[in-house]
Amino acid sequence: MSHAASTPPRIKIDFVSDVVCPWCAVGLNALEQAIARVGDEIQVDLHFQPFELNPQMVAEGEDVDQHLAHKYGLGPEQLASNREALRQRGAALGFEFNARNRIYNTFDAHRLLHWAGTVGPAQERALKHALLKAYFTDGQDVSSPSVLTAVAALVGLDAQRARQVLESDEYAAQVREQERFYQSQGIRAVPSVILNDRHLIQGGQPVEQFEAALRQIAAMPAASAT
């Protein structure tokens with residue numbers, strides 16, 4: 001058997017999401033569990049791409065229930081039902097949703113994630129998880145420079161460098177460019193999981209669905225050539 005034949009197929013995954021999107025937390029944890037299930041059978045390159053649910057959000061944020069009621073027309077019962085569904089989905093995946101009071105602007109969080117990606121994919125991934133936990137589990141303000149710097153330090157990133165990024169406009173142009181690109185590709189909701197630049201899975205799908213998609217795409221002739 002040739003070396004090429006024994007090399008596992010490689011799949012590139014672009015995970016388009018926001019750090020204040022609850023279904024993005026569900027989707028990421030489910031996707032990662034699916035990746036763990038396929039193990040060494042498939043090589044996965046996971047990239048995080050920015051999407052802002054509320055790019056016009058004011059600096060002080062907005063009460064989350066008022067925001068959702070206004071944006072989606074949801075009443076108190078529907079909001080409570082949605083929260084409980086999320087709590088249960090999160091718990092099944094090992095992610096803890098606590099009540100969150102406000103929704104925030106996330107542009108600086110995306111700039112910080114972009115910087116972390118220049119340090120390394122493992123650091124970006126760790127920061128992504130830490131930001132989701134900071135917001136959904138710990139109820140922190142992920143638009144706050146001090147919170148963002150502390151979260152970066154928590155995952156081993158250079159706090160002084162993180163502060164420099166946040167106090168400047170570094171990576172603003174790159175984040176805007178990525179946001180525009182995915183919007184131009186028709187991405188209007190997140191999470192959007194794009195495999196090998198052509199296969200789209202949307203929403204916080206079950207682990208089994210992500211696993212099936214990975215195996216199906218890996219079996220395609222083009223997968224090993226990307």
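A salt bridge between R180 and E177 is absent, with no side-chain N of the basic residue lying under 4.0 Å from a carboxylate O of the acidic one. Using a 4.0 Å cut-off between charged nitrogen and carboxylate oxygen, E52 and R176 count as a salt-bridge pair.
Side chain of R102 to main chain of G61: a donor-acceptor pair is present (N/O by atom type, distance under 3.5 Å, no hydrogens or angles). Between the side chain of S168 and the main chain of V165, a donor-acceptor pair closer than 3.5 Å is present. A donor-acceptor pair is defined here as one N or O able to donate and one able to accept, closer than 3.5 Å; no such pair exists between the side chain of T106 and the backbone of A109. Listed for the T118 side chain is a donor-acceptor partner under 3.5 Å among the backbone atoms of W115. Looking at D141, its side chain does come within 3.5 Å of a backbone N or O of S143 through a donor-acceptor pair. At least one donor-acceptor pair closer than 3.5 Å links the side chain of D158 to the backbone N or O of Q160. Side-chain N or O atoms of N196 include none that pairs as donor or acceptor with a backbone N or O of I11 at under 3.5 Å.
Taken from OG1 in T137 to CG in L132, the straight-line distance is 8.5 Å, to the nearest 0.5 Å. Here F15 contributes atom CZ and Q49 contributes atom CD; the two are 11.5 Å apart, rounded to the nearest 0.5 Å. Expressed to the nearest 0.5 Å, how far CG of L131 lies from CG of L112 amounts to 7.0 Å. In this structure, the separation between CG on L79 and NE2 on H67 is 11.0 Å, given to the nearest 0.5 Å. For the atom pair W23 CH2 and S17 OG, the distance stands at 15.0 Å (nearest 0.5 Å).
Counting heavy atoms from C-beta outward, I13 and L214 have side chains that approach closer than 4.5 Å. For the pair D138/N98, no side-chain contact is recorded, criterion being any heavy-atom separation below 4.5 Å from C-beta on.
For the salt bridge (Lys or Arg N to Asp or Glu O under 4.0 Å) condition, no pair includes a residue of residues 15-29, sequence neighbours left out. Residue pairs meeting the ring-ring contact (aromatic ring centres under 6.0 Å, His included) criterion with at least one partner in residues 68-100, sequence neighbours excluded, are F95-F97, F97-F136. Sorted by first and then second residue, the salt bridge (Lys or Arg N to Asp or Glu O under 4.0 Å) pairs with a member in residues 107-118 read D108-R111; sequence neighbours excluded. Every pair passing salt bridge (Lys or Arg N to Asp or Glu O under 4.0 Å) that includes a residue from residues 112-128 is listed here, sequence neighbours excluded: E32-R125. Counting only residues at least two apart or on different chains, the salt bridge (Lys or Arg N to Asp or Glu O under 4.0 Å) pairs with a member in residues 56-79 are D65-R83.
In this structure, V175 is not a member of the same hydrophobic cluster as V142, with clusters built from ILVMFWY side-chain heavy atoms closer than 4.5 Å. No continuous path of ILVMFWY side-chain contacts below 4.5 Å connects F48 to F107, so the two sit in separate hydrophobic clusters. Under the 4.5 Å side-chain heavy-atom criterion for grouping Ile, Leu, Val, Met, Phe, Trp and Tyr, F181 is connected to I187 within one hydrophobic cluster.
Legend: residues meeting side-chain contact (heavy atoms from CB on, under 4.5 Å) with E208, ordered by chain and number and at least two apart, are R37, P206. Partners of Q183 under the side-chain hydrogen bond (donor to acceptor under 3.5 Å, both in side chains) rule, at least two apart in sequence or in another chain, do not exist in this structure. Evaluation of the ring pair (Phe, Tyr, Trp, His ring centres under 6.0 Å) rule for H129 yields no partner, not counting sequence neighbours. Applying the side-chain contact (heavy atoms from CB on, under 4.5 Å) criterion to D197, with sequence neighbours excluded, gives K12, D14. Listed by chain and number, the residues in a side-chain hydrogen bond (donor to acceptor under 3.5 Å, both in side chains) with Q78 are N82 (sequence neighbours excluded). Residues satisfying the side-chain contact (heavy atoms from CB on, under 4.5 Å) test with N101, not counting sequence neighbours, are none. The side-chain contact (heavy atoms from CB on, under 4.5 Å) test applied to A126 returns V155, not counting sequence neighbours.
Side-chain atoms of Q202 and S192 include a donor-acceptor pair closer than 3.5 Å.
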Would Q178 and Q174 satisfy side chain to side chain donor-acceptor pair (under 3.5 Å), going step by step from the backbone distance to the final call? CA-CA 6 Å; Q178 287 175 301; Q174 292 92 327; over 6 Å; no
For the pair R10 and D45, evaluate side chain to side chain contact (heavy atoms under 4.5 Å, CB included) and give the outcome as yes or no after the intermediate values. CA-CA 7 Å; R10 182 180 293 275; D45 296 323; 3.0 Å; yes
Just do the salt bridge (charged side-chain N to carboxylate O under 4.0 Å, His left out) check on E211 and R215 with the steps written out, would you? CA-CA 6 Å; E211 181 186 3; R215 294 189 183 282; 3.2 Å; yes
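For the pair F210 and G27, the tightest heavy-atom approach, listed with the atom from each and the gap, is CE1-O, 3.7 Å.
Between Y171 and H114, the ring planes are tilted. Angles from 30° to 60° get that label.
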